[in-house]
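Take a look at the structure below.
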Amino acid sequence: MRVVSLVPSVTETLVGWGSPPIACTRFCEQPDLPHVGGTKDPDIAAIAALEPDVVVMCVEENRREDAHALHQAGIATAALSVDGLDDVPVAMRLLGQVAQVEPAGMVDNLVAAIAAARAELTDRSALSAFVPIWKRPWMTLSAGTYGSALLDALGVRNVFADSEERYPETTLEEAAARRPDVVLAPSEPYPFAERHIPLLEEVAPVVLVDGQDLFWWGGRTPDALRRLANQLSTVGG
């Protein structure tokens, strides 16, 4: 199968399975693969020129109008949807079917690895966290997102889980009023780094985390759970 991936998580997983796509987005961090635009602005003409069998998309990251444009160009698409940990195995099985690649039971191994990683976290003490994902304006995430579900498995309560918006705008003052134990500042989609710590410390103690571990699902999920758990193990509740 000639697969074009417009989803960084999918690209990483297919590469890990030894069956890389023929092209991907510039955000997939695969310099050896051809790029066909971004997740929100794919180059439809460049994709069509590659004559793919299928373009893998994601409800969360890609736009409906781009899927429509691909259909208009006669290109088959497959859309994955991942809002929580339990959605990951379902999406991976679908990916294996769509890409006609499931080497040596990789999906079954992934399901088992996720279950094992979650089992290791059952005795963690609870923390509450504010997770900024953007600046100017400040934005965070609510329940029903993969990142929030991942934190929940880690014993971390998202203080904006009750928001009616999926990715609500907020202020540092509002975040501080919710009295989180910690600010988890990810490296993406906004590149939070050491220079942002003094500002974020107005809300709570800050832990810089790998945004890919927090938001990229698929092949990295089991190890991401363990890495984040280890990083949070020194944070007091």
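Atoms considered below: every heavy atom in the structure, side chains included; atoms not considered: hydrogens, waters and symmetry mates. From a predicted model like this one, the values you see are computed outputs, not experimental measurements.
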(message) I'd like to know if the side chain of His35 reaches the main chain of Phe27, judged simply by a donor and an acceptor atom lying under 3.5 Å from each other, with no hydrogens or angles considered.
(response) no
(message) If you define the side chain from C-beta out and look only at heavy atoms, does anything of Val3 sit under 4.5 Å from Pro52?
(response) no
(request) Output every pair passing salt bridge (Lys or Arg N to Asp or Glu O under 4.0 Å) with a member in residues 43-59, not counting sequence neighbours, ordered by first then second residue. (result) none
(message) Run the salt bridge (Lys or Arg N to Asp or Glu O under 4.0 Å) test against Asp83 and tell me which residues pass, sequence neighbours left out.
(response) Arg166
Tabulate below the donor-acceptor pairs under 3.5 Å that side-chain atoms of residues 188-197 make, not counting sequence neighbours, or state none.
{"from": "Glu188", "atom 1": "OE2", "to": "Trp216", "atom 2": "NE1", "distance (Å)": "2.8"}
{"from": "His196", "atom 1": "ND1", "to": "Ala193", "atom 2": "N", "distance (Å)": "3.0"}

(request) Please round to the nearest 0.5 Å and tell me the distance separating atom CZ of Phe130 and atom OG1 of Thr140. (result) 5.0 Å
(message) Side-chain heavy atoms nearer than 4.5 Å, only ILVMFWY residues, links allowed to pass through others: does that put Val207 and Trp134 together?
(response) yes
(request) For Glu174, check salt bridge (Lys or Arg N to Asp or Glu O under 4.0 Å) against everything at least two apart and list the hits. (result) Arg178
(request) For Thr13, enumerate each residue passing the side chain to side chain contact (heavy atoms under 4.5 Å, CB included) test, keeping only those at least two apart in sequence or located in another chain. (result) Trp17, Met92, Leu95
(message) Do Val54 and Met1 have side chains that approach each other closer than 4.5 Å (heavy atoms only, starting at C-beta)?
(response) yes
(message) The criterion is salt bridge (Lys or Arg N to Asp or Glu O under 4.0 Å); which residues satisfy it with Arg179, sequence neighbours excluded?
(response) none
(request) Give a yes or no on whether the backbone of Leu14 and the side-chain of Ser19 come within a donor-acceptor separation of less than 3.5 Å. (result) no
(request) Return the set of residues passing salt bridge (Lys or Arg N to Asp or Glu O under 4.0 Å) with Asp41 (not counting sequence neighbours), or none when no residue passes. (result) Arg26
(request) Heavy atoms only: give me the nearest Ala204-Pro180 pair and the separation to one decimal. (result) CB-O, 3.5 Å
(message) Can you see whether Ser142 engages Ser163 through a side-chain donor-acceptor pair at a distance of less than 3.5 angstrom?
(response) no
(request) Establish whether Phe215 and Val56 are linked, either directly or via other cluster members, by ILVMFWY side-chain heavy-atom contacts under 4.5 Å. (result) yes
(request) For Leu200 and Pro132, work out which heavy atoms get closest and say how close. (result) CD2-CG, 4.2 Å
(message) A side-chain contact here means heavy atoms from C-beta on lying under 4.5 Å apart; do Pro186 and Val131 qualify?
(response) yes
(message) Assigning hydrophobic clusters by single linkage (Ile, Leu, Val, Met, Phe, Trp, Tyr; side-chain heavy-atom cutoff under 4.5 Å), is Val88 placed with Val101?
(response) yes
(request) Determine whether Cys58 and Val82 make a side-chain contact, defined as any pair of heavy atoms from C-beta on separated by less than 4.5 Å. (result) no
(request) Please name the pair of heavy atoms, one in Leu199 and one in Lys135, separated by the smallest distance, quoted to 0.1 Å. (result) CD2-CE, 3.9 Å
(request) Identify the heavy atoms of Ser187 and Gly211 that sit nearest to each other, and give their distance. (result) OG-N, 2.8 Å
(request) State which residues pass side-chain hydrogen bond (donor to acceptor under 3.5 Å, both in side chains) with Glu65; sequence neighbours excluded, sorted by chain then number. (result) Arg63
Distance-only check: which donor-acceptor pairs under 3.5 Å involve side-chain atoms of residues 148-155, not counting sequence neighbours?
{"from": "Ser148", "atom 1": "OG", "to": "Asn158", "atom 2": "ND2", "distance (Å)": "3.2"}

(message) Closer than 3.5 angstrom, by distance alone: can the side chain of Lys40 be matched with the main-chain N or O of Glu61 as a donor-acceptor pair?
(response) yes
(request) State, yes or no, whether a side-chain contact exists between Asp210 and Arg227 at a heavy-atom distance under 4.5 Å. (result) no
(request) Hydrophobic side-chain clustering at under 4.5 Å (ILVMFWY, transitive links): who's grouped with Val55? Put none if nobody. (result) Val4, Leu6, Ile22, Val36, Ile44, Ile47, Leu50, Met57, Leu70, Ile75
(message) If you define the side chain from C-beta out and look only at heavy atoms, does anything of Leu80 sit under 4.5 Å from Val7?
(response) no
(message) Checking side-chain polar atoms at under 3.5 Å, does Ser128 have a donor or acceptor matched by the opposite partner on Asp181?
(response) yes
(request) Could you tell me the separation between the CG atom of Asp87 and the OG atom of Ser81, rounded to the nearest 0.5 Å? (result) 6.0 Å
(request) Determine whether Leu172 and Leu208 fall in the same hydrophobic cluster, where Ile, Leu, Val, Met, Phe, Trp and Tyr are linked whenever their side-chain heavy atoms lie under 4.5 Å apart. (result) yes
(request) For Asp86 and Val90, work out which heavy atoms get closest and say how close. (result) O-CG2, 3.8 Å
(request) Working to the nearest 0.5 Å, report the span between CG of Leu127 and CG of Leu184. (result) 8.0 Å
Give the table of side-chain donor-acceptor pairs shorter than 3.5 Å for residues 217-224, with sequence neighbours excluded, one pair per line with atom names and distance.
{"from": "Arg220", "atom 1": "NE", "to": "Glu12", "atom 2": "OE1", "distance (Å)": "3.0"}
{"from": "Arg220", "atom 1": "NE", "to": "Glu12", "atom 2": "OE2", "distance (Å)": "3.3"}
{"from": "Arg220", "atom 1": "NH1", "to": "Asp213", "atom 2": "OD1", "distance (Å)": "2.6"}
{"from": "Arg220", "atom 1": "NH2", "to": "Glu12", "atom 2": "OE2", "distance (Å)": "2.7"}
{"from": "Arg220", "atom 1": "NH2", "to": "Gln212", "atom 2": "OE1", "distance (Å)": "3.0"}
{"from": "Thr221", "atom 1": "OG1", "to": "Tyr146", "atom 2": "OH", "distance (Å)": "3.0"}
{"from": "Thr221", "atom 1": "OG1", "to": "Gly218", "atom 2": "N", "distance (Å)": "3.0"}
{"from": "Thr221", "atom 1": "OG1", "to": "Gly218", "atom 2": "O", "distance (Å)": "3.2"}

(request) List in chain and number order the residues that pass side-chain hydrogen bond (donor to acceptor under 3.5 Å, both in side chains) with Thr77, two or more places apart in sequence or in another chain; answer none if no residue qualifies. (result) His71
